[in-house]
2 protein chains.
Amino acid sequence: MVLPRAARTQRRTRIQEEKEEQILEAALDVFATHGFRGSTIDQIADVAGMSKPNLLYYFRTKEAMHRALIDRVLDSWLDPLREFDAEGNPVSEICSYIRRKLEMARDFPRESRLFANEILQGAPHIEDELKGPLKALVDEKAEVIRAWAKAGKIAKCDPYHLIFAIWSTTQHYADFDVQVRDVLGEERSGEGRFEDAARFLEQLFVKGLEIKNGSD
Amino acid sequence: MVLPRAARTQRRTRIQEEKEEQILEAALDVFATHGFRGSTIDQIADVAGMSKPNLLYYFRTKEAMHRALIDRVLDSWLDPLREFDAEGNPVSEICSYIRRKLEMARDFPRESRLFANEILQGAPHIEDELKGPLKALVDEKAEVIRAWAKAGKIAKCDPYHLIFAIWSTTQHYADFDVQVRDVLGEERSGEGRFEDAARFLEQLFVKGLEIKNGSD
DNA sequence: GTAATGTTTTACCAACCGGTCAAATTATCA
DNA sequence: TGATAATTTGACCGGTTGGTAAAACATTAC
């Protein structure tokens, strides 16, 4: 029988898992660089080293490939925020959140750019995820931060904008990598820039959220 | 004689200025939303309210349109950084830089997204500008910040990463607008979010760069 | 007014796009 | 081994893409 992959309910063969893996890897490359509309199936097939019809045997449409990729990546992308622990020490929780986000920017820049492209272009394929699971998770963690502030453990601040600030400053090093390297110049474009960024951002956020003597 | 616009050296007619304006306005809309490769001439022509060949009479290629747009926008985009004044008070200079960048994110989100798209996709059309004028300007302002730190006016910090942090946190509200709105929820998605962001970011950066008693 | 120039449109093209089909090839397993 | 199912490919299709040619139309200069 000839059934396209998507129509089957169970994963069957070893070869299927391998090829799907191979395709999603290539798709990540292409979608992250050109966005959904700017990417072509031919291009992905080329990167994956297989023919276009073969690729379409495993994913029936370009949309299906993109969706599979989003589903797989979104979950792991939110892990650092999930680890944010209400019981921990506020300063070290925030520091390690920043560090984890920076590590992801360094080690998984394509995943970051995939989302950046998607959101930049109006999030046409993931708005449900943003309004649902993402918002829920942020709401939960924002409450944690608000409690910390109320308990006098950190300065009073808008927890949502704090989270936005951590997201933007860390993901910047993945999404705007070219610009960062160009501005730093060749001599400072080694991996050391992530160390420097970590040092700076920890200083900024720790001091920025500190309780000053006699205030707050 | 029939010469495409680009071949002429002088701007001639009133109609030319109007139409080029009209086209670039439409192109900004489309390129900012879909990136270069994801945009089509037909789409731009549609938004501009003219036929495709007519549009190609003023700009001979899609690339020419994009380039004209970049050239026009890049300059004004860097204005806030140029205003950064070495003679001014460090804290208020940084605050007003943040405020200006936030105002641009609010008032010119398409311009921000145009660059974000371009850089995300590897800056294939503007890398010269990044390595040249942009780097030069940042180098100059980084030196100003370094001098402030050395003079004990602000905390010691890496000036380049400080600038990156200001860029990313402010532009976030333009580039990731959909996400920001979705996470904040409907009731907080009014224009007030820019006020809240300004308050939070000023607090973060001012406190984060403060000189602590007895240190630095 | 009319001739020259500037502008717009219609019709078109070759290349590319997402996707289909049927046949060929390969893997699986009794 | 052979039958059956899974995988891969080349040829192809209708629609879209960036861009062109030439003629129709409008504007300006004299």
Side-chain angles (χ1 to χ4, degrees), chain A residues 1-27 29-31 33-69 121 124-125, chain B residues 1-27 29-31 33-69 121 124-125:
Chain A
M1 194 179 11
V2 184
L3 273 183
R5 164 70 188 93
R8 281 177 241 119
T9 51
Q10 285 191 358
R11 198 161 301 254
R12 300 259 168 86
T13 68
R14 165 191 54 86
I15 201 167
Q16 268 177 33
E17 283 188 36
E18 282 177 14
K19 291 284 163 134
E20 285 175 15
E21 185 62 35
Q22 200 177 329
I23 291 168
L24 289 181
E25 166 69 22
D29 246 56
V30 177
F31 282 135
T33 311
H34 299 107
F36 182 76
R37 287 184 37 162
S39 303
T40 71
I41 300 182
D42 291 271
Q43 205 180 350
I44 297 169
D46 203 49
V47 173
M50 54 179 94
S51 67
K52 179 167 62 170
N54 194 6
L55 198 144
L56 286 163
Y57 170 73
Y58 292 101
F59 296 93
R60 287 197 301 201
T61 65
K62 188 174 146 184
E63 247 110 6
M65 288 184 32
H66 191 255
R67 171 127 298 272
L69 202 53
Q121 308 186 0
H125 304 97
Chain B
M1 194 179 8
V2 183
L3 271 183
R5 164 71 188 89
R8 281 177 240 118
T9 52
Q10 285 192 358
R11 198 161 298 256
R12 301 259 169 84
T13 67
R14 165 193 54 86
I15 201 166
Q16 268 178 31
E17 283 188 37
E18 281 177 12
K19 291 283 162 132
E20 285 175 16
E21 184 62 36
Q22 200 177 329
I23 291 169
L24 290 181
E25 166 68 22
D29 245 57
V30 176
F31 282 135
T33 311
H34 299 107
F36 182 75
R37 287 184 35 160
S39 302
T40 71
I41 300 182
D42 292 273
Q43 203 180 350
I44 296 169
D46 203 48
V47 174
M50 55 179 94
S51 68
K52 179 167 62 170
N54 194 7
L55 197 146
L56 286 163
Y57 170 73
Y58 292 100
F59 297 93
R60 286 196 303 199
T61 64
K62 190 173 144 182
E63 246 109 7
M65 285 183 36
H66 191 253
R67 170 129 297 275
L69 202 52
Q121 309 186 359
H125 304 97

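First the proteins, then the strands, lettered A, B, ... as listed; each starts at 1.
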*Report the C-alpha separation of A:K62 and A:T40 in whole Å, then their side-chain angles, then the decisive distance to 0.1 Å, and conclude whether the side-chain contact (heavy atoms from CB on, under 4.5 Å) test is met.*
CA-CA 8 Å; A:K62 188 174 146 184; A:T40 71; 5.9 Å; no
*Test side-chain contact (heavy atoms from CB on, under 4.5 Å) applied to B:M65 and B:R60, step by step*: CA-CA 8 Å; B:M65 285 183 36; B:R60 286 196 303 199; over 6 Å; no
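- In this structure, CD1 of B:I23 is placed 11 Å from P of C:dT7, rounded to the nearest angstrom.
- As a whole-Å value, the separation of A:Q22 CD from D:dT7 P is 13 Å.
- C:dA22 atom C1' lies 16 Å from atom CG of A:L56, rounded to whole Å.
- Distance A:F59 CZ to C:dG18 P: 16 Å, rounded to the nearest Å.
- Using cut-offs of 30° and 60° for the angle between ring planes, the A:H66 and A:F31 rings count as perpendicular.
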_Would A:F59 and A:R67 count as a side-chain contact (heavy atoms from CB on, under 4.5 Å) here? Give the steps._
CA-CA 10 Å; A:F59 296 93; A:R67 171 127 298 272; over 6 Å; no
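- As rounded to whole Å, 15 Å separates atom C1' of D:dT8 from atom CD of A:E18.
- Contact annotation: A:K19 side-chain N/O to D:dT8 OP1/OP2 distance is under 4.0 Å.
- Side chain of B:K52 to backbone of B:D46: no donor-acceptor contact under 3.5 angstrom is found.
- Distances shorter than 4.0 Å separate none of the side-chain N or O atoms of A:Y58 from OP1 or OP2 on D:dA6.
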Please write out the pairs of protein N or O atoms and N or O atoms of nucleotides 9-17 of chain C separated by less than 3.5 Å, giving the distance to one decimal.
unit_1: C:dT9; atom_1: OP2; unit_2: B:S51; atom_2: OG; d: 3.2

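- A 4.5 Å side-chain heavy-atom check between A:Y57 and A:K19 finds every atom pair outside the cut-off.
- Close to C:dG6, at under 4.0 Å from its OP1 or OP2, lies no side-chain N or O of B:Q16.
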